[in-house]
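A, B, ... follow the sequence lines: proteins, then strands. Residue 1 opens every chain.
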Amino acid sequence: MSDAPFKSEFLQTLKARGHINQITHSAELDELAAGGPITAYIGFDATAASLHVGHLFSIMTLRRLQQTGHKPIVLMGGGTTKVGDPTDKEGQRPLLTEEQIQSNIDSIKEVFSRFLTFGDGPTDAVMVNNAEWLDRFGYVQFLRDYGVHFTVNRMLAFDSVKLRLEREQPMTFLEFNYMLMQSVDFLELERRYGCILQMGGSDQWGNIVNGVELIRRVDQKPAFGLTTPLLSTASGQKMGKTVGGAVWLNADMRSPYDYWQFWRNTEDADVGRFLRLFTDLPAEEIARLETLQGAEINEAKKVLANEATTLLHGADEAAKAAAAAQAAFEQGGLSADLPTHEVAAADLHAGVALAALAVDAGLAASKGEARRLAQGGGLRINDKAESDGNRVVTAADVVDGVVKLGAGKKKIVLVKPV
RNA sequence: GGGGGAAUGUCCCGAGUGGCAAAGGGGGCGGACUGUAAAUCCGCUGCUGUAAUGGCUUCGUAGGUUCGAGUCCUACUUCCCCCA
């Protein structure tokens with residue numbers, strides 16, 4: 001990659017916003033992108049019912065692509081998921097059934113329409129499932145058509161394979177084939193849609209390069225790869241790993257309120273970078289926010305939370321989440337938009353043990369944990385710390401129609417008798 | 001085909017002599033300090049129950065020896081290494 005400034009708006013934008021790690025044949029790609037719309041894709045495997053914040057980086061990259069006048073393809077890995085990407089994993093993952101994969105794909109789809117415009121126009125996004133072609137290959141046909149273009153010597157040299165071997169962790173033949181399948185995907189998309197660029201995380205470099213080479217070799221056509229940097233927080237944590245595990249994008253798996261909180265809790269050192277990556281705010285505005293110091297940087301975090309939540313869940317949800325947060329954290333008050341947990345009014349009249357209620361409301365995984373939490377001073381009823389997990393919560397604790405339960409400083413649930 | 005080794009708290013790594021839910025670390029959670037930040041310090045980290053002694057379930061799977069098994073024996077499963 002040369003240091004010369006890019007000509008195409010697409011690459012300029014990606015570079016300025018911090019999306020680029022490596023590019024193959026960057027000058028040539030730049031030339032093409034400057035000359036007119038190009039088509040590019042990113043693949044998403046359907047290993048879970050929702051994508052998470054880690055995927056957001058890729059989604060935003062496609063968004064920038066479309067914003068700068070090009071055509072994005074979202075490739076759903078209906079076929080590849082059946083095999084499992086060995087990249088950077090320590091061991092083989094359990095294989096998913098076809099039904100699981102399909103149901104995952106169905107539930108993932110929705111999210112993309114928030115970030116991309118789909119349709120039939122020249123720069124409208126399209127979604128394709130690689131099961132369409134991968135499922136159809138016969139074994140021998142696949143080997144003859146594509147197997148000839150890959151040498152094992154070369155495959156063994158790729159990091160994804162090499163690491164496994166070095167760590168003495170087994171890699172099945174099944175997984176070993178993943179790389180070929182991904183390469184064939186690229187070739188197929190090139191033939192069907194004239195797709196010339198595959199993008200992905202830096203861990204996908206090996207897989208991507210293979211596809212690039214396959215196209216150049218088999219079809220003698222230009223093809224390119226671009227990877228995004230590995231995303232981690234300033235303190236070295238993997239991005240998107242928090243309290244309950246992954247930060248899911250689907251609203252039913254992580255509420256807009258929690259999503260807003262996730263961004264609000266960004267580390268100071270990450271705010272500028274995340275604003276560039278995960279919002280559409282103009283560079284000048286971000287530069288201004290970045291100059292904020294000390295406690296003022298919280299304002300920048302709110303902007304980040306608002307923008308990011310608006311992109312995913314819409315402005316209304318973002319505003320509600322912001323209002324709820326303001327009420328809870330800045331005014332110590334209540335807001336109907338805080339997470340709410342309903343209990344039967346009769347139960348509350350009879351009295352419920354605090355520990356049990358906390359578990360019920362999702363603040364602790366077990367009564368023992370809730371009790372320990374209380375003992376450590378982390379459980380609050382109506383903002384008053386309660387160290388006894390066996391303390392009985394009754395109707396007398398209801399204030400303004402709810403009992404406000406808090407675990408730690410950041411988790412609040414309104415328990416509402418119904 | 002032969003020989004040797006490994007599997008531990010279901011988040012990960014990892015110690016473990018026949019006799020305490022099992023050292024330690026990471027991670028996570030909570031507290032203090034702050035700004036809903038980072039760093040630091042302190043506490044917690046199988047389930048259940050208690051004022052407390054407890055009860056139950058955990059060391060690859062299934063059996064066995066034993067008053068008692070993560071630890072010993074047998075078979076099985078998976079993986080690694082060496083020889084062929």
Side-chain angles (χ1 to χ4, degrees), chain A residues 48 52 86 88-95 164-175 232-247 257-275 289-290 292-306 308-309 321-333 335 338-339 353-356 358-381 383-392 405-413:
Chain A
H52 52 76
D88 203 35
K89 291 194 190 111
E90 301 199 339
Q92 197 180 351
R93 293 276 167 90
L95 291 173
R164 276 279 191 94
L165 296 178
E166 274 169 9
R167 288 188 203 157
E168 299 188 343
Q169 276 148 352
M171 169 179 254
T172 61
F173 185 66
L174 178 81
E175 296 174 278
S232 54
T233 66
S235 50
Q237 306 256 305
K238 243 191 203 160
M239 177 80 187
K241 224 182 86 181
T242 53
V243 196
V247 178
Y257 171 82
D258 278 333
Y259 190 72
W260 194 94
Q261 283 296 320
F262 167 75
W263 291 106
R264 175 60 184 85
N265 284 299
T266 298
E267 292 175 27
D268 286 8
D270 288 326
V271 174
R273 195 161 53 103
F274 287 0
L275 279 167
L289 290 170
E290 273 187 299
L292 297 175
Q293 291 298 317
E296 288 189 332
I297 208 165
N298 285 328
E299 291 310 310
K301 292 185 189 180
K302 284 183 209 165
V303 173
L304 172 63
N306 284 333
T309 308
Q326 195 185 9
F329 290 105
E330 292 175 25
Q331 292 152 13
S335 160
L338 283 169
L354 174 58
V359 172
D360 236 29
L363 292 173
S366 69
K367 284 191 245 176
E369 186 183 309
R371 229 176 254 123
R372 283 192 297 267
L373 186 68
Q375 226 146 36
L379 251 192
R380 294 183 315 280
I381 301 176
D383 298 319
K384 275 224 308 270
E386 178 55 69
S387 63
D388 180 10
N390 295 318
R391 140 81 139 96
V392 176
L405 277 189
K409 292 216 174 86
K410 298 175 186 173
K411 279 173 290 182
I412 298 168
V413 174

Peer 1: Using the P atom as the point on both nucleotides, what is the distance between B/C76 and B/C81, in whole Å?
Peer 2: 22 Å
Peer 1: With both distances under 3.5 Å as the test, what is the Watson-Crick or G-U wobble partner of B/U77?
Peer 2: B/A7
Peer 1: Between A/Lys411 and B/G30, is there a side-chain N or O to OP1/OP2 distance below 4.0 Å?
Peer 2: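 For B/G30, OP1/OP2 do have a side-chain N/O of A/Lys411 under 4.0 Å.
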Peer 1: Please give me the minimum heavy-atom distance between A/Asn265 and A/Gln261, naming the atom from each residue.
Peer 2: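 Heavy atoms of A/Asn265 and A/Gln261 come nearest at ND2-O, 2.8 Å.
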Peer 1: Once you round it to whole Å, what is the distance between C1' of B/A38 and CG of A/Asn265?
Peer 2: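 So the CG-C1' distance, A/Asn265 to B/A38, works out to 12 Å.
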Peer 1: Using the C1' atom as the point on both nucleotides, what is the distance between B/U8 and B/U61, in whole Å?
Peer 2: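 Between the two C1' atoms, the distance is 15 Å.
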Peer 1: Round to the nearest Å and state the distance from A/Leu379 atom CG to B/G43 atom C1'.
Peer 2: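 Nearest whole value for this atom pair: 15 Å.
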Peer 1: Distance check, C1' atoms only: B/U48 and B/G35, in whole angstrom units.
Peer 2: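 Approximately 40 Å lies between the C1' atom of B/U48 and that of B/G35.
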Peer 1: Relative to the 5' end of RNA chain B, which residue comes earlier, A/Arg380 or A/Gln375, by the nucleotide with the nearest heavy atom?
Peer 2: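 First, find each residue's nearest nucleotide; the 5'-ward one identifies A/Arg380.
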Peer 1: Is A/Lys410 close enough to B/C29 that one of its side-chain N or O atoms is under 4.0 Å from OP1 or OP2 there?
Peer 2: no
Peer 1: Please measure how far the P atom in B/G63 lies from the corresponding atom in B/U58, and state the result in whole Å.
Peer 2: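 It comes out at 12 Å once rounded to the nearest Å.
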Peer 1: Would you mind reading off the distance between A/Lys409 atom NZ and B/A37 atom C1', rounded to a whole angstrom?
Peer 2: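 So the NZ-C1' distance, A/Lys409 to B/A37, works out to 12 Å.
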Peer 1: So which nucleotide from B/C29, B/G31, B/U36 ends up closest to the side chain of A/Gln261?
Peer 2: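 The closest nucleotide is B/U36.
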Peer 1: Side chains of A/Trp260 and A/Asn306: is there a donor and an acceptor less than 3.5 Å apart?
Peer 2: yes
Peer 1: What distance do A/Ser387 atom OG and A/Leu373 atom CG have between them, rounded to the nearest 0.5 Å?
Peer 2: 11.5 Å
Peer 1: C1' atom, B/C67 versus B/C72: distance in rounded Å?
Peer 2: 16 Å
Peer 1: Have a look at A/Ala364 and say if it touches a base, only the backbone sugar-phosphate, or nothing, with a 4.0 Å heavy-atom cut-off.
Peer 2: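 Nothing: the residue A/Ala364, judged by heavy atoms under 4.0 Å, touches no strand.
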Peer 1: Between B/A15 and B/G24, how far apart are the C1' atoms? Round to whole Å, please.
Peer 2: 7 Å
Peer 1: Say we look at B/C44 and B/C59: how far apart would their C1' atoms be, to the nearest angstrom?
Peer 2: 23 Å
Peer 1: Between B/U36 atom C1' and A/Ile412 atom CD1, what is the distance in whole Å?
Peer 2: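 In whole Å, B/U36 C1' lies 10 Å from A/Ile412 CD1.
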Peer 1: Can you check nucleotides 46-51 of chain B for protein contacts, nitrogen or oxygen pairs under 3.5 Å, and list what you find?
Peer 2:
from  : atom 1 : to       : atom 2 : distance (Å)
B/C47 : OP1    : A/Ser366 : OG     : 3.1
B/C47 : OP2    : A/Arg372 : NH2    : 3.4
B/U48 : OP1    : A/Lys367 : N      : 3.1
B/U48 : OP2    : A/Ser366 : OG     : 3.2
B/U48 : OP2    : A/Lys367 : N      : 3.4
B/U48 : OP2    : A/Gly368 : N      : 2.8
B/G49 : OP1    : A/Lys367 : NZ     : 2.6
B/G49 : OP2    : A/Arg371 : NH2    : 3.3
B/U50 : OP2    : A/Arg371 : NH2    : 3.4

Peer 1: Within this structure, what is the CG-to-P distance between A/Leu373 and B/U45, rounded to whole angstrom?
Peer 2: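 After rounding, the reported distance stands at 13 Å.
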Peer 1: Heavy atoms from C-beta onward define the side chain here; which of B/G35, B/C29, B/U36 lies closest to that of A/Arg264?
Peer 2: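 So the side chain of A/Arg264 is nearest to B/U36.
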Peer 1: Quick one: CZ on A/Phe274 to NZ on A/Lys301, what's the gap to the nearest 0.5 Å?
Peer 2: 11.0 Å
Peer 1: Quantified in whole Å, what is the C1' atom distance between nucleotide B/G60 and nucleotide B/C79?
Peer 2: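 Straight-line distance between the two C1' atoms is 11 Å.
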Peer 1: Short of 4.0 Å, heavy atom to strand atom, which residues of residues 297-306 of chain A count as contacting RNA chain B?
Peer 2: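 Result for residues 297-306 of chain A: A/Ile297, A/Asn298, A/Lys301, sorted by number.
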